[in-house]
Amino acid sequence: MNSRFGIYGGQYVPEILVPALQDLEREYLVARNDPVFLGELESYNRHYGGRETPLYFARRLTERCGGAKIYLKREDLCHGGAHKFNNVMGQALLARRMGKKRLIAETGAGQHGTATAMAAAVLGLKAEIYMGERDVARQRMNVFRMKLMGAKVHEVSSGSKLLKDAINEALRDWSGSVEHTYYLLGTAAGPHPYPTMVRDFQSVIGREIRQQLQAAEGGLPDLLVACVGGGSNAIGTFHPFIEDTGVRMLGAEAAGEGLETGHHSASLSIGEVGVLQGCKSYLLQDEHGMIHEAHSIAPGLDYPGVGPEHSFLKDLKRAEYVGVTDKEALESFITLSQVEGIIPALESAHAVSAGMREATSMSKDQVVVITISGRGDKDLETVFDMGVVE
Ligand SMILES: *Cc1c(COP(=O)(O)O)cnc(C)c1O
């Protein structure tokens with residue numbers, strides 16, 4: 001399997017982890033063509049996860065924009081409330097198939113940790129989650145969710161006590177425990193084979209869009225829009241359409257308080273090529289290669305890197321990437337709630353903002369599909385505290 005997307009990707013890890021990654025690649029290559037494995041995944045997706053998720057024609061949002069027809073891919077209706085389900089279920093089933101009884105993962109805001117705890121519970125595996133001490137303090141309810149589902153949470157007190165420190169600790173754990181432990185990575189980044197594997201598990205989103213839109217409109221979309229943190233829901237949306245050159249693809253990155261302020265997570269828009277978490281890609285770093293802290297109102301977009309396939313698609317100009325500010329995302333969060341009765345995750349609100357902007361200038365017989373990566377319940381306190389809704 002090719003470990004690179006153009007110059008991006010690769011496997012920049014300590015040698016001690018290389019055999020584990022080779023093992024994983026070997027197992028995955030067999031599993032992805034094994035009807036038994038695919039049948040199991042399909043069954044969990046359907047009966048436990050609630051797939052397929054609806055592709056909903058947003059009539060009132062379409063009228064509001066006055067241009068292209070807007071469809072919403074409802075990943076917010078997946079079990080757990082987000083697309084993260086697709087990835088954790090796939091990888092947890094792979095872990096079980098490999099005979100590994102212990103899952104480890106790192107988490108920033110706790111969403112991936114929660115999803116991992118969920119998949120571990122349903123398959124009867126152990127989960128241990130690494131989380132920075134400062135994140136633990138900010139995300140008490142997600143920590144409680146993980147514990148409730150039986151996971152152990154390790155508070156990381158080294159470094160800045162945030163996501164990148166949790167990543168370091170999880171990797172340290174794995175280098176001493178690979179025999180019986182599976183490292184469950186949360187997005188389409190990290191060392192090969194994770195970017196490919198996570199993309200494949202998330203591609204269920206794009207495959208369903210294709211079939212559902214064929215049934216609804218008898219054709220392909222003109223534009224796909226998704227938010228980009230590490231890039232997994234976006235690459236899952238885009239990938240099944242890469243060969244269809246008539247389909248435009250737009251990724252919405254977090255421009256935070258504005259690209260000029262330095263407080264953002266727009267690694268594709270203004271990042272530089274470097275190595276993070278075992279993978280070469282665009283990322284936010286200083287002149288010495290030290291990683292910058294990322295910022296976004298949406299906790300899931302707050303990642304200083306991006307999956308390597310997006311960097312490749314950007315260079316090829318096959319996909320475009322735009323920044324959406326905290327303020328614009330907040331406006332779309334409220335608009336979608338009021339116009340369609342759907343409260344999106346703040347991450348997804350970035351895609352809604354970019355999608356609405358585009359739809360407005362497109363013609364009425366064109367079709368835009370926006371992936372709603374998750375639901376907004378987790379963000380209610382953040383928005384409530386801003387006092388922006390009467
Ligand atoms: C984690 C998360 C994201 C960002 O992750 P990607 O890998 O970029 O998809 C986006 N939306 C929601 C709801 C999330 O939980």
Side-chain angles (χ1 to χ4, degrees), residues 53 72-88 90-91 105-116 118 131 135 139 142 145 163 184-190 194-195 197-206 224-239 249-254 265-268 276-277 279 281-283 294 296-311 313 319 321 324 329 332-333 336 342-354 370-380 382:
T53 59
L72 305 177
K73 180 57 174 165
R74 300 289 310 275
E75 292 301 295
D76 57 312
L77 295 177
C78 257
H79 179 50
H83 71 292
K84 286 196 165 64
F85 174 85
N86 309 325
N87 174 41
V88 294
Q91 288 197 60
E106 76 274 339
T107 194
Q111 289 149 243
H112 174 58
T114 304
T116 302
M118 172 180 90
M131 189 169 181
D135 286 326
Q139 302 286 345
N142 275 340
R145 283 188 183 93
L163 177 63
L184 206 161
L185 214 136
T187 189
Y194 287 102
M197 198 166 69
V198 176
R199 176 252 276 158
D200 290 350
F201 289 135
Q202 291 293 358
S203 291
V204 67
I205 303 173
L224 298 165
V225 189
C227 66
V228 178
S232 70
N233 87 91
I235 202 68
T237 300
F238 297 169
H239 195 261
M249 299 167 175
L250 180 64
E253 290 196 296
S265 313
S267 14
L268 286 162
L276 173 68
Q277 209 180 359
C279 159
S281 197
Y282 281 101
L283 45 97
S296 170
I297 190 177
L301 300 187
D302 195 338
Y303 180 66
V306 66
E309 198 166 3
H310 286 294
S311 295
L313 293 175
Y321 298 89
V324 172
S332 302
F333 178 90
L336 194 66
I342 296 171
I343 303 174
L346 279 170
E347 292 84 356
S348 321
H350 287 70
V352 174
S353 175
I370 304 174
T371 295
I372 305 298
S373 53
R375 65 173 184 232
D377 303 54
K378 66 180 183 59
D379 299 312
L380 291 184
T382 306

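Whatever order the structure lists them in is the order used to number ligands and atoms, beginning at 1.
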message: List the protein residues in contact with ligand 1, where contact means a heavy-atom separation under 4.0 angstrom.
response: H83, K84, Q111, T187, C227, V228, G229, G230, G231, S232, N233, G300, A345, E347, S373, G374
query: Under the ring pair (Phe, Tyr, Trp, His ring centres under 6.0 Å) test, which residues partner Y321, sequence neighbours left out?
result: H310
- prompt: Just by distance, with hydrogens left out, do Q202 and N87 show a side-chain donor and acceptor under 3.5 Å apart?
  reply: no
With K73, the side-chain hydrogen bond (donor to acceptor under 3.5 Å, both in side chains) member among T53, T237, T371: T53
- prompt: Just by distance, with hydrogens left out, do Y194 and Q277 show a side-chain donor and acceptor under 3.5 Å apart?
  reply: no
- prompt: Taking atom types as modelled, is there a side-chain donor on N233 or E347 under 3.5 Å from an acceptor on the other?
  reply: no
message: Any non-hydrogen side-chain atom of S267 less than 4.5 Å from a side-chain atom of E253?
response: yes
